[in-house]
Structures are given as C-alpha cells and as structure tokens.
Amino acid sequence: MAADSTASPSVADDTSHQAPLPDRSTLLGKILFGIALVFATWQIYTAAYSPLSSIVLRSMHVGFLLLMVYSASSAREGRPLALRGLDWAFGIAAMVTGVYQWIFETDLILRAGLPSTEDIVIGTVALLLVFEGARRVLGPALPLICMAFVAYGLFGEHLPAPFNHRGFAYEQVIDQLSMGMEGIYGTPTYVSATYIFLFIVFGSFLERAGIIRLFSDLSIGLVGHTRGGPAKVAVVSSALMGTVNGSGVANVVTTGQVTIPIMKRIGFRPAFAGAVEATASMGGQIMPPVMGAVAFIMAETLGVSYAEVMKAAIIPAILYFSAAFWMVHLEATRLGLRGMTGDELPDWRAALRNGWYLIGPLALLVYLLFKGFTPLFSGTIALAVTAGLVMGVPLARRLSHTGGRILFWVVLGAAAGTFFRYGVDVVFLILGVLALLLLFVRDGGRATLETVIEALAEGARNAVTVGVACALVGVIVGIMTLTGAATNFARGIVAVGEQSLFLSLVLTMITCLVLGMGVPTIPNYIITSSLVGPALLGLGVPLIVSHMFVFYFGIMADLTPPVALAAFAAAPIARAPGLHIGVQCLRIAIAGFVVPYMAVYTPALMLQDGGPLAEAIGYVPAVCYVLAKALISVGLWGIASIGFFEGKLPWWQRLWAAGSAFMLIAALPVTDELGFLSSVAFIAFTVWRIRRARTAEAG
C-alpha cells in the first residue's frame with residue numbers, strides 16, 4: 001500500500017511550531033526518530049497492559065513529551081552548540097522528574113500534603129520545564145495566561161474582595177501543581193496519556209494509508225461539479241477529515257492548499273475562499289468521533305460515556321456544516337459561479353472501490369464506542385485493525401486469485417477473533433507475524449514496514465502539542481481548585497442569570513471568545529468549562545449542554561477577529577489579510593453562534609432529555625421540531641448574511657430575515673409562532689417580488 005503523501009495534520013490546533021519528522025540520514029535525526037518511536041511504543045504498551053499506576057503513567061508521559069520538545073529544539077538549524085547542550089539537559093531533566101515520581105511513588109503518597117525539600121525542588125523544575133516547553137511549542141499566549149494563575153495562587157490574598165483568597169505558601173502551590181494529580185499531572189494529562197495519544201496514532205496510520213486522499217477524491221467527485229463546487233468540496237472534505245483527526249488550524253494548512261486556490265480560480269473572492277476553508281476546518285473539531293480530542297476530556301470530566309458526548313454533538317455538527325454549505329451555495333449563486341469541469345473531477349466510485357476498506361476501522365471505532373466499550377479499549381482495537389490492514393494489503397496483493405485473497409482475510413480475521421479468548425497478546429503476535437512476512441515481500445514489503453514505523457513516530461510527534469497543552473492547562477485547574485476562584489466567577493454569572501438567562505449566556509459567550517483567543521482547543525475548553533461551565537449548570541442548563549456551549553464558543557474564538565488563528569492560517573494561502581478573512585468567517589460560521597443558544601433553550605437539539613418542550617410533546621417529537629426550527633433559523637441567518645435569495649435583497653429584507661431567525665432561537669411559544677409566521681411571510685414575499693421583477697424584465 002502506498003503511503004499517503006499528504007502532509008499529516010495532528011489533533012492539535014496549532015502546528016506552526018512543529019517540525020517535520022527528523023532526517024534519519026544524520027546521527028541526531030536517528031536519535032530523535034528513535035525517541036519518538038520509543039515514546040509511541042511505550043504509550044501503546046501501557047495502554048494495552050496498564051502495568052503502572054496512574055500518577056506514574058502521567059508523569060512519564062509528561063517526561064517523554066518534554067524530552068521530545070527539547071530534543072527537537074536542539075535540531076534547529078543555526079542553533080548554537082551551547083544552547084543545544086542546554087536543550088538536551090532540559091530534556092533529560094524532564095525525564096528525571098517523571099522517573100522521580102516512579103521511584104518514590106510510595107514515599108510521595110505517605111507524605112502527601114507535607115512535601116520534602118527534594119519534592120519541592122523536583123516539582124519546581126517540572127513546572128518550569130512545562131512552561132518553557134509549552135512556550136516553544138504553543139507560543140507565549142497560553143503560558144502567560146497560566147503564569148497569571150500561578151501569580152494569583154501565590155499573591156491573590158492581597159487582592160480586594162471578592163477576588164482575594166486566604167493565601168497559600170509557595171510549598172503549597174508547588175505541591176498542588178507538581179506533586180499530585182491536580183496540576184500538571186491532572187485529568188487533562190491522564191486523558192492525553194491514554195485516549196488522545198491512541199487516537200492520534202490511529203489517525204496517523206489512517207492518513208499514511210491514504211484516507212485523506214480517499215476523502216478528498218470522494219468530496220471532489222460528489223460535489224465538485226455543482227455551483228461553487230470547490231468551496232463545497234472544502235466543507236465536505238473538512239467534515240470527513242474531522243471524523244479522523246479533529247484538527248483545526250492543521251486542517252486549514254493541509255486541505256486549504258488544494259481548495260483555496262481552486263475557489264479563487266473559479267471566481268470566489270480571496271477573503272471568502274480563505275474563510276470557507278477556515279470555517280469548515282474548525283468545524284472538524286465538533287464532528288464526532290474525535291472532536292479535536294476534547295470529547296475525551298469532556299467525558300472524563302463529566303463522568304459520562306464517550307458515546308453520550310458524541311450523541312450530544314452530532315446534530316449541532318450537521319447543522320454547522322449544513323449552514324456552511326448553504327452559505328457557499330448562496331454566494332456562488334449570487335456571483336453566478338460554475339462548478340469544476342468533468343476533466344477536473346476524480347472518479348469517486350473508483351476511489352471508494354479502491355479505498356473502501358479504510359473506512360472500516362473508523363466504522364469499527366464508532367461501533368465499539370456506541371456499544372459502551374471504553375475509549376481506551378476501542379482506540380486500541382481500532383489501531384490494531386488499522387495496522388493489520390496496512391500490513392495485510394501488500395501480502396494479499398501477492399496472491400493471484402481472488403479466492404486466495406478472500407481466504408487470507410478470513411484466516412486473518414479468525415486469528416484476530418481469538419483476542420476475546422486469549423487477550424491482547426494475540427494482537428501483537430498477529431502484527432509481529434505480518435511484519436515478519438513483509439520482510440520477504442520484494443515489492444513494497446519493506447516500504448510498508450517503513451510506513452508503519454513512520455506512522456508510529458509521526459503519531460508521537462503529533463501528540464506533543466496536545467500533550468504539552470494538557471499538562472500546562474492543568475496549572476489553571478489546580479489553582480482554581482486550590483483557591484476556589486471558579487466558584488466566585490460562576491456566582492457572578494448566576495447572579496446576572498437570575499434576571500436574564502439570555503444576558504447570562506451572552507456574558508458567557510464573550511468570556512469564552514476572549515479566553516479562547518490564541519489558545520488551542522483543548523486548553524481553551526478546560527479553561528472556559530472550569531470558569532463558566534458551573535455557572536450555566538447553576539442556571540438550570542443540563543450538564544452536557546453547558547459544556548458544549550462553552551466548547552463551541554471556544555472554537556469560535558479561532559474564527560473571531562482580532563486573533564482568529566484559523567483565519568490567519570488561511571491568509572498566506574488565500575493571499576488576503578487575516579482580519580478580512582476573519583470577518584468573512586463570522587458570516588459563514590453563523591450556525592456556530594446560533595445553535596448553542598438554541599440547545600440551551602431546547603436541550604433536545606443535543607438529544608438530551610429535559611426542557612419544557614420535551615415535557616409537553618415528548619422527546620422524539622421535540623427533537624424533530626427543534627431540528628426543523630434550527631434548519632429554518634440557520635437558513636434565514638445565511639440569507640441575511642449573504643444578502644441573496646433568488647436574487648439580491650435590499651437591506652430591509654435582510655433585517656427581516658435576521659429578525660425571523662432570531663425569534664426562532666428562543667423556545668418561547670410566542671416567539672416560535674411569530675418566527676414561523678415571519679419566516680413564511682418573508683420567503684413568500686421574496687419569491688413573489690423577485691419573480692415579478694424577472695417577469696417585468698422579460699416583458
């Protein structure tokens with residue numbers, strides 16, 4: 001099987017600081033590649049056998065992450081020799097902090113809350129190394145925010161009420177942040193060390209196997225010929241790729257290299273073309289099953305199954321991409337643009353026929369999750385199946401007869417089925433046998449093994465950004481747990497919400513947009529959910545809905561000027577100012593701003609029980625009703641934003657459409673009735689006016 005040559009995005013949002021896989025022709029490159037391979041092997045082994053306690057697993061995970069960060073820094077061109085030596089010293093020191101937790105695990109438990117001098121020194125070193133590693137990987141924004149929280153923990157007692165706390169010694173703060181499971185080794189790091197890493201490697205295997213090319217050919221072949229086809233391709237392909245990698249900015253710089261130039265060539269303005277790609281790519285983070293890896297943290301935080309999180313996300317994700325598709329169609333129709341010609345379109349049937357088996361592991365993953373298996377188990381099985389497919393295809397192709405190929409896969413499947421009786425050892429044994437057989441395959445055997453090894457190393461590399469962000473954001477969680485700051489913040493929002501839930505939601509939205517500017521999705525979600533999630537829960541919003549609300553607006557921060565990371569990532573490809581692209585993103589991503597409000601008022605939109613509507617008419621009718629209402633509302637927002645429906649609309653009709661859409665957001669019977677009546681009147685009047693104008697022109 002040929003490896004996919006497309007650049008491989010990670011689950012992380014910001015890949016601008018990531019280096020490519022090291023050049024293995026040099027000694028340093030071989031060492032860096034070996035570290036990545038050992039890291040990946042370690043993670044898969046601990047996921048399969050769980051031989052270590054949770055704190056050791058987390059601390060060693062952070063140690064490996066920082067070793068990769070600092071060793072990669074030493075490989076930068078032009079790096080002075082003294083700084084290279086310092087980089088390696090930092091990396092080794094990071095591993096030492098992890099090993100310290102392993103060796104003295106029992107002692108640390110016995111003296112919990114009363115750390116020794118050695119504990120404080122090791123904890124301080126670990127904390128500083130996480131901060132510096134995050135600065136190198138993520139840039140300064142998140143470390144500065146976390147530094148402010150550390151300063152609050154140390155000196156917040158001097159602030160005026162109600163912002164002050166009782167005061168904590170330096171030793172207490174370090175013990176909270178570095179020596180237990182509240183700070184840098186908290187829940188985000190645990191999720192990174194288990195679920196997230198496995199899913200990143202899983203995505204890396206699928207990408208190397210060619211699933212990006214499959215999704216690209218499918219989306220181009222299916223919708224490329226329609227009006228404004230390349231822009232619709234960007235929407236569809238980003239939705240498909242979001243099911244695998246859940247990336248944001250990374251999706252922009254990969255799929256955007258293809259879609260943005262084609263959109264510009266057929267007539268879309270550069271800023272609009274960049275905005276379509278940025279909006280669709282960010283939507284990949286709300287598309288199950290991966291959801292930018294936030295779904296794992298959300299499930300762990302809320303104590304619910306992963307399937308529950310996916311269930312809550314599916315309808316909003318469909319609405320988001322439907323709205324983007326509708327916007328593109330309206331803009332293309334307004335400009336009179338064509339689709340791609342026949343010679344530009346790949347044969348989607350041939351692509352599906354040749355690569356259908358790549359969808360199998362993804363379908364298996366979703367099936368296992370919905371059957372109630374843990375993400376760790378489901379991810380391990382999906383990864384093993386993907387690796388088996390990658391290594392099995394070259395062997396099956398060596399068989400000349402179709403019957404022989406079928407028999408090969410039947411025998412392989414039967415052998416894999418013994419896993420349920422003999423355990424995970426069978427899986428590793430089968431993969432080992434396949435690897436051994438590939439050594440004797442002349443045509444592509446060794447190349448396939450190379451692909452597998454590179455996928456493992458690349459998965460480890462891609463996990464660095466997410467893992468370091470998870471470790472650093474644990475600082476915020478630890479400080480808020482120590483000081484109770486989140487309670488005070490939530491109390492203020494609840495006080496406002498007692499007078500007006502809508503105003504409270506607006507304040508929450510603004511908080512999420514501000515806190516999320518320049519911060520990747522995972523730390524963004526953890527920060528906002530810790531601060532304002534409890535406030536919404538206190539106002540009676542269901543737990544998952546409240547967390548989804550802050551998650552969605554955290555994502556919207558990457559599309560909202562002035563920061564708008566996704567817009568600025570698309571800017572050099574589209575050759576348009578990032579701020580102009582950000583403004584266009586706000587128009588196209590309107591569903592991302594509307595749907596969370598609708599879900600708060602009617603939880604059935606996220607397939608959740610509760611709310612007056614569900615109690616009045618039943619759960620299933622409520623879901624159907626609110627889905628229809630959401631589609632109409634999103635459609636009207638699109639018409640108001642683009643200013644086109646069957647023809648160009650004057651400003652007062654655009655306001656009419658926006659007002660009708662706004663009335664459908666709330667769940668009040670009066671607003672619903674007025675909204676539906678206004679919507680029908682708007683559509684009827686607009687169609688009548690434009691057809692009359694066309695008749696007059698024809699006459």
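As the structure is a prediction and not an experimental result, all values here were calculated from the model.
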T194 OG1 to E300 CD distance, which is reported to the nearest 0.5 Å
7.0 Å
Sort and list the pairs that fulfil side-chain hydrogen bond (donor to acceptor under 3.5 Å, both in side chains) and have at least one residue in residues 85-94, not counting sequence neighbours.
S74-W88, R79-D87, D87-R136
As an exercise, state the distance from CG of L57 to OG of S50, rounded to the nearest 0.5 Å.
8.0 Å
Let me see the working for V137 and V464 under side-chain contact (heavy atoms from CB on, under 4.5 Å), right down to the final yes or no.
CA-CA 8 Å; V137 174; V464 168; 4.2 Å; yes
Return the CZ to OH distance between F428 and Y49, rounded to the nearest 0.5 Å.
5.0 Å
Quick one: are F199 and L365 in side-chain contact, heavy atoms under 4.5 Å?
yes
With the side chain counted from C-beta on, respond yes when I44 and L456 share a heavy-atom pair under 4.5 Å apart, and no when they do not.
yes
V56 to E105 - nearest heavy-atom pair and separation
CG2-OE1, 3.5 Å
Just verifying a value: how many Å separate L472 CG and R135 CZ, rounded to the nearest 0.5 Å?
12.5 Å
Looking at CG of L28 and NZ of K30, how far apart are the two atoms once the value is rounded to the nearest 0.5 Å?
11.5 Å
Evaluate side-chain contact (heavy atoms from CB on, under 4.5 Å) for L438 paired with R446, printing each intermediate quantity in order.
CA-CA 6 Å; L438 285 172; R446 293 181 182 271; over 6 Å; no
So which heavy atom on M147 is nearest to which on F131, and how close?
N-CE2, 3.6 Å
Is there a donor-acceptor contact under 3.5 Å linking the side chains of T301 and H547?
no
Side-chain contact test, heavy atoms from C-beta onward, threshold under 4.5 Å: evaluate it for F90 versus L66 and give yes or no.
no
Note: G98 and M60 closest approach over all heavy atoms is C-SD, 3.6 Å
Check whether any side-chain heavy atom of D119 lies under 4.5 Å from a side-chain heavy atom of Y100, and answer yes or no.
yes
Within the side chain of T41, is there an N or O that forms a donor-acceptor pair under 3.5 Å with the backbone of L37?
yes
Could you tell me whether the side chain of Y70 and the main chain of L129 form a donor-acceptor pair under 3.5 Å?
yes
Does the side chain of I122 come within less than 4.5 Å of F104's, by heavy atoms?
no
Report the residues that fulfil side-chain contact (heavy atoms from CB on, under 4.5 Å) with I220, sequence neighbours left out, ordered by chain and then residue number.
S216, V233, M340, L345, P346
Heavy-atom count check: over 12 atoms from other residues, nucleotides or ligands less than 6.0 Å from Y367 OH?
no
After noting the C-alpha distance and the side-chain angles of V475 and L127, does the key distance pass the side-chain contact (heavy atoms from CB on, under 4.5 Å) rule?
CA-CA 9 Å; V475 169; L127 191 62; 3.8 Å; yes
Identify the heavy atoms of I184 and A126 that sit nearest to each other, and give their distance.
CD1-CB, 4.1 Å
I'd like to check Q43 versus T46 (side-chain heavy atoms, cut-off strictly below 4.5 Å). Are they in contact?
yes
Which heavy atom in A193 sits nearest to a heavy atom in H61, and how many Å separate them?
CB-CG, 3.5 Å
Output side-chain donor-acceptor pairs under 3.5 Å for residues 375-394, partner residues at least two apart or in another chain, one line each.
residue: S378; atom: OG; partner: T374; partner atom: O; Å: 2.9
residue: T380; atom: OG1; partner: L376; partner atom: O; Å: 2.7
residue: T386; atom: OG1; partner: A382; partner atom: O; Å: 2.7

Give the minimum heavy-atom separation between A566 and L559, together with the two atoms involved.
CB-CD2, 3.9 Å
Is the shortest heavy-atom distance from the side chain of F205 to the side chain of T451 under 4.5 Å?
no
Does any non-hydrogen side-chain atom of R84 lie less than 4.5 Å from one of R76?
no
Between S178 (side chain only) and T124 (backbone N and O only), is there a donor and an acceptor less than 3.5 Å apart?
no
